[in-house]
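Notes to accompany the following structure.
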2 protein chains.
Amino acid sequence: MTAERVPLSRARVLGAAVAIADRDGIAALTMRRLAQDLGVEAMSLYHHVANKEALLDGVIEVVMAEIAEAVGEPVVEDWQAAMRARVLTARQVFLRHPWAARVLETRTSISPGVIAYYDGVLAIFRAGGFSYDLAHRALHALGSRALGFSQELFDLSDPAADAEAEAMVQELAEHFPHLAAMVAEIAHDDPDSALGWCDHQAEFEFGLDLILSGLERLRAEG
Amino acid sequence: MTAERVPLSRARVLGAAVAIADRDGIAALTMRRLAQDLGVEAMSLYHHVANKEALLDGVIEVVMAEIAEAVGEPVVEDWQAAMRARVLTARQVFLRHPWAARVLETRTSISPGVIAYYDGVLAIFRAGGFSYDLAHRALHALGSRALGFSQELFDLSDPAADAEAEAMVQELAEHFPHLAAMVAEIAHDDPDSALGWCDHQAEFEFGLDLILSGLERLRAEG
DNA sequence: ACCTGAACACCGTTCAAGT
DNA sequence: ACCTGAACACCGTTCAAGT
């Protein structure tokens, strides 16, 4: 936008890429569009990122740096409260960048930022008295939830699917009685769905607490 | 391959698409390649699927039909054992189609096959004495695990990342002492990683059972 | 009704050339 | 060292035309 004469740098390229994805979605993030926003030819980008995949790797590093700053140093007392706070803080960053979860999942190489985040998670587990074996299984049990997001495969309260889904559920109510009954019973009037897939705060916290308290039980048993 | 004179049909198109993804990965599934495998021009496909997105929708329906056949009618006694069996059976199908989980997550429209699967899940919860409210929260807690898969964001035992990751972990051991220690302690010699993301059977079952037993506790409390 | 061929508007990326 | 312009090899898709 401004600062036309600032020379291109990796940081400027990645920053502009995040801005495009935030504003217009991840599909809008093309090399040509990115170059245009930077006032440069597309090919100039290749001096700062090796290719499109490397660009996406870099964009994830930006997001993970945001998370690292937000969560700070791992707290080492009351592991369950510390984990809960860490995850919910990270989640706020993903709510700001709804495209980031999907990009993160498509990375093939290991991201140093993700590694650093998980090392902090492990620090909390260890301080809470977990063996490395239990901590390892805990990481698997949490999956992406450790980073603050969890995909739902369909969303009955998705505002985007409103008309279509409502008609569909209506139409299919006779075939799928349980789903129809559940939808009818549950008042879904809180519109705080933000991650594209259904991921309401209360429901995320329910799943998180269910896993954390299960882990605490296993830890206490030794 | 064979059957050159069989007229094109939606079923043949979707079957060929699944075969391409299974054999050469989801990136190989292009309209042109699909047409070529069917001995037809690319544009002919558009008489049987509206566009590429509709093709992917259809491909998911094929996978969900495989799952529906594999899981059968929902069992209605011992909800926990029934859910466990249903999920692990569905998981087998995803292990046969490693690309399917990612495609499923990118669907924007609701898939009838997924709806039907979840209706069966709800039938099991209800027969086990769950309220619709608890069943709803249970679906969120399980997330994609209800369908048999869970993405891990990085995989320390991924054979593909072997050399690179090992060197990296080595190099970064001083910065990430907990991860390094955990990797060193855990004997990762079972090579049954199959879904691309780390998703070993034992670790999947650990997470699944942790959630299911947590849900049982909540159900018993009323 | 079903299939075709050429064409269009996009991609990411290579390469030789400029400063 | 950094950036450019043209070009290449791909995409998904439109359209008018064939049978």
Side-chain angles (χ1 to χ4, degrees), chain A residues 1-21 23-62 99 102-109, chain B residues 1-21 23-62 99 102-109:
Chain A
M1 297 272 172
T2 57
E4 205 60 84
R5 282 277 65 83
V6 181
L8 221 47
S9 69
R10 183 177 161 83
R12 274 190 73 215
V13 168
L14 298 184
V18 168
I20 289 174
R23 213 179 317 122
D24 300 327
I26 193 66
L29 179 55
T30 68
M31 299 301 271
R32 283 171 161 88
R33 162 70 190 279
L34 178 55
Q36 183 184 307
D37 277 24
L38 287 163
V40 106
E41 291 297 310
M43 309 318 134
S44 305
L45 301 173
Y46 287 84
H47 289 97
H48 301 97
V49 290
N51 50 36
K52 176 92 185 255
E53 282 299 293
L55 173 70
L56 294 176
D57 288 346
V59 148
I60 288 302
E61 285 306 307
V62 171
W99 45 268
R102 194 146 314 173
V103 173
L104 184 53
E105 284 170 11
T106 61
R107 297 308 83 211
T108 54
S109 63
Chain B
M1 297 267 175
T2 57
E4 206 58 84
R5 283 278 62 83
V6 181
L8 221 48
S9 70
R10 183 177 161 83
R12 274 190 73 216
V13 168
L14 298 184
V18 169
I20 289 173
R23 213 179 318 121
D24 300 326
I26 194 66
L29 178 55
T30 68
M31 299 301 270
R32 284 171 160 89
R33 162 71 189 279
L34 178 54
Q36 183 184 307
D37 277 24
L38 287 162
V40 104
E41 291 297 312
M43 311 317 136
S44 305
L45 301 172
Y46 286 84
H47 289 98
H48 300 97
V49 289
N51 49 38
K52 177 93 185 256
E53 282 299 292
L55 173 70
L56 294 177
D57 288 347
V59 148
I60 287 302
E61 285 306 307
V62 171
W99 45 269
R102 194 147 311 173
V103 174
L104 185 52
E105 284 171 9
T106 61
R107 296 309 83 209
T108 54
S109 62

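Lettering of chains follows the sequences in order, A, B, ..., and the numbering in each one begins at 1.
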Margin query: I'd like to check the salt bridge (charged side-chain N to carboxylate O under 4.0 Å, His left out) partners of B:Arg10; sequence neighbours left out, ordered by chain and number.
Written below: none
Next item on the list: Give a yes/no answer on whether the side chain of B:Ser44 brings an N or O atom under 4.0 Å of OP1 or OP2 in C:dC2.
Entry: no
Item checked: Set of side chain to side chain donor-acceptor pair (under 3.5 Å) partners for A:Glu41, sequence neighbours left out -> none
Notebook entry, point to check: Listed by chain and number, what are the side chain to side chain donor-acceptor pair (under 3.5 Å) partners of A:Gln36, not counting sequence neighbours?
Noted result: none
Notebook entry, point to check: So, do B:Leu55 and B:Leu34 sit near enough that their side-chain heavy atoms are less than 4.5 Å apart?
Noted result: yes
Checklist line | Atom-to-atom span, CD1 of B:Ile20 to P of D:dC11 - whole angstrom | finding: 11 Å
Check: Considering residues at least two apart in sequence or located in another chain, which fulfil the side-chain contact (heavy atoms from CB on, under 4.5 Å) criterion with A:Arg33?
Finding: A:Ile20, A:Arg23, A:Asp24, A:Ala28, A:Thr30, A:Asp37
Margin query: I need the full list of salt bridge (Lys or Arg N to Asp or Glu O under 4.0 Å) pairs touching residues 46-56 of chain B, with sequence neighbours left out, sorted by first then second residue.
Written below: B:Glu53-B:Arg107
Check: Of all residues at least two apart in sequence or in a different chain, which pass the side-chain contact (heavy atoms from CB on, under 4.5 Å) check with A:Ala11?
Finding: A:Ser9
Margin query: Quick test of your reading: applying side chain to side chain donor-acceptor pair (under 3.5 Å), list the pairs with at least one residue in residues 42-51 of chain A, sequence neighbours left out, ordered by first then second residue.
Written below: none
Item checked: Nucleic acid footprint by protein, nucleotides 12-19 of chain C - heavy-atom cut-off 4.0 Å, B for base, S for sugar-phosphate alone -> BBB-----
Checklist line | For atom CG of A:Leu45 and atom C1' of C:dC11, their distance in whole Å | finding: 14 Å
Item checked: DNA chain C stem ranges, 3 or more consecutive Watson-Crick or G-U pairs under 3.5 angstrom -> C:4-8 with D:12-16, C:12-16 with D:4-8
